[in-house]
S.K.: 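The structure is given below, and queries will be raised subsequently.
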Amino acid sequence: LMDFLLSKEQKLLQKMMADFTEKEVKPIAGDTDRNSEYPAETVEKLFDLGVMGMTVPKEYGGAGCSPLEGAIAIEELSKYCASTGDIVATHNGLCCEPIMAHGTAEQKAKYLPMLTTGHKVGAFALTEPNAGSDASKALTEAVLDGDHYVLNGSKIFITNGYVADVFVVFAM
């Protein structure tokens with residue numbers, strides 16, 4: 001028998017995020033979307049609240065939350081502003097998560113603290129002009145040159161790209 005009810009802690013997180021969203025996100029959501037504005041002050045508050053990078057382990061400055069808890073936060077944000085929810089979802093799921101899953105120990109130690117407590121926004125670069133988001137048709141290459149890689153290719157529609165400090169780039 002599976003229990004689909006939220007735990008007491010998860011309900012507290014849900015309430016905290018609902019309160020934050022009501023106070024901080026709802027009042028500016030219309031302008032954010034209508035004017036294609038990046039809600040910089042809101043994102044800074046989300047860093048202060050520990051939401052940005054919340055699923056990153058504590059050893060790297062994150063809260064060590066589960067994917068479900070991350071989803072609860074994004075769901076509450078998205079109730080009033082899908083754009084703000086997407087900023088957090090991309091930062092946590094498409095930037096932090098690949099680094100946690102596939103990064104070297106050195107990459108984790110360098111980038112994850114920036115993305116949790118360093119107030120640096122993460123981005124994900126997959127979409128290409130001739131391939132869209134079909135990763136199998138991507139042409140961007142990463143070529144080893146000594147002790148580093150050289151990227152050759154083009155990306156478009158980089159989520160969080162115009163404000164990001166750390167990028168996860170999909171390349172062959």
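The figures here come from the full heavy-atom set of this structure, side chains too, leaving out hydrogens, waters and symmetry mates.
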S.K.: Should Val169 and Val143 be regarded as members of a common hydrophobic cluster, given that ILVMFWY residues are connected when their side-chain heavy atoms come within less than 4.5 Å of each other, either directly or indirectly?
M.R.: no
S.K.: Quick one: do Phe167 and Tyr149 end up in the same hydrophobic cluster if we chain Ile, Leu, Val, Met, Phe, Trp and Tyr together by side-chain heavy atoms under 4.5 Å apart?
M.R.: no
S.K.: Name every donor-acceptor pair, under 3.5 Å, that has one atom in a side chain of residues 83-97 and the other anywhere in the protein, sequence neighbours excluded.
M.R.:
from, atom 1, to, atom 2, distance (Å)
Ser83, OG, Asp33, OD1, 2.6
Thr90, OG1, Asp86, O, 3.0
His91, ND1, Gly122, N, 2.9
His91, NE2, Leu115, O, 2.8
Asn92, OD1, Gly53, N, 2.5
Asn92, ND2, Val51, O, 3.1

S.K.: Is there side-chain contact between Val163 and Val43, with heavy atoms separated by less than 4.5 Å?
M.R.: no
S.K.: When rounded to the nearest 0.5 angstrom, what is the spacing between CD in Glu44 and CD in Glu24?
M.R.: 12.5 Å
S.K.: Using the rule that Ile, Leu, Val, Met, Phe, Trp and Tyr join whenever any side-chain heavy atoms are under 4.5 Å apart, tell me whether Tyr162 and Leu46 fall into a single cluster.
M.R.: yes
S.K.: Do Glu128 and Phe170 have side chains that get closer than 4.5 Å, going by heavy atoms?
M.R.: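 Heavy-atom side-chain distance check fails, nothing below 4.5 Å.
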S.K.: Determine whether Leu12 and Phe20 fall in the same hydrophobic cluster, where Ile, Leu, Val, Met, Phe, Trp and Tyr are linked whenever their side-chain heavy atoms lie under 4.5 Å apart.
M.R.: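 Per the 4.5 Å side-chain linkage, Leu12 and Phe20 are not co-clustered.
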S.K.: Quick one: pull up NZ in Lys26 and OG1 in Thr21 and give me the separation to the nearest 0.5 Å.
M.R.: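 These two atoms lie 11.0 Å from each other.
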S.K.: Between Glu76 and Ala18, which heavy-atom pair has the shortest distance, and what is it?
M.R.: OE1-CB, 3.3 Å
S.K.: Would you name the heavy atoms of Pro39 and Thr32 that are closest together and state the gap between them?
M.R.: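 The pair with the smallest heavy-atom distance is CD-CG2, 4.1 Å.
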S.K.: With distance as the sole criterion, is a donor-acceptor pair present between the side chains of Ser66 and Glu69 under 3.5 Å?
M.R.: yes
S.K.: Ignoring hydrogens, what is the shortest heavy-atom contact between Gln107 and His102? Give both atom names and the distance.
M.R.: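 Result for this residue pair: OE1-O, 4.5 Å.
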S.K.: So which atom in Pro27 and which in Glu22 form the shortest heavy-atom distance, rounded to 0.1 Å?
M.R.: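 Looking at all heavy atoms of both residues, the closest pair is CD-O, 3.5 Å.
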S.K.: At what distance, to the nearest 0.5 angstrom, does CG of Leu144 lie from CD of Glu141?
M.R.: 13.0 Å
S.K.: Would you call Asp48 and His119 a side-chain contact if the rule is heavy atoms closer than 4.5 Å?
M.R.: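 The answer is yes, as the side chains (C-beta and beyond) meet within the 4.5 Å cut-off.
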S.K.: Are side-chain heavy atoms of Val121 and Tyr38 found at a separation under 4.5 Å?
M.R.: yes
S.K.: Considering only heavy atoms from C-beta outward, does the side chain of Met16 approach that of Leu49 to under 4.5 Å?
M.R.: yes
S.K.: To the nearest 0.5 Å, tell me how far Lys110 NZ sits from Ile99 CD1.
M.R.: 10.5 Å
S.K.: Would you check if Met114 and Asp165 make a side-chain contact, meaning some heavy-atom pair closer than 4.5 Å?
M.R.: no
S.K.: Quick one: ring-ring contact (aromatic ring centres under 6.0 Å, His included) partners of Phe157, sequence neighbours excluded?
M.R.: none
S.K.: To the nearest 0.5 angstrom, please state how far the SG atom of Cys81 sits from the CD1 atom of Ile28.
M.R.: 7.0 Å
S.K.: What is the minimum heavy-atom distance between Ser154 and Pro129, and which atoms define it?
M.R.: O-CD, 3.6 Å
S.K.: Just wondering, more than 12 heavy atoms not from Phe124 lying within 6.0 Å of its CZ?
M.R.: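 Yes - once you tally the heavy atoms of other residues, nucleotides and ligands closer than 6.0 Å, there are more than 12.
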S.K.: Taking all non-hydrogen atoms of both residues, which atom of Asp31 and which atom of Arg34 are closest, and how far apart?
M.R.: OD1-NH2, 3.0 Å
S.K.: Once you round to the nearest 0.5 Å, how far does OG1 of Thr127 lie from CD1 of Ile156?
M.R.: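 It is 6.5 Å, given to the nearest 0.5 Å.
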S.K.: Are Leu13 and Leu68 grouped together when hydrophobic residues (ILVMFWY) are joined by side-chain heavy atoms under 4.5 angstrom apart?
M.R.: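 Yes; tracing contacts between hydrophobic side chains, which count when under 4.5 Å, links both residues.
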S.K.: Counting only heavy atoms not in Lys120, do more than 12 sit closer than 6.0 Å to its NZ atom?
M.R.: no
S.K.: Quick one, Val56 and Met100 - any side-chain contact, counting heavy atoms below 4.5 Å?
M.R.: yes
S.K.: For a side-chain contact (heavy atoms from CB on, under 4.5 Å) check, start with the C-alpha distance between Leu6 and Ile72, then their side-chain angles and the critical distance, and finish with the verdict.
M.R.: CA-CA 10 Å; Leu6 297 179; Ile72 289 168; 3.8 Å; yes
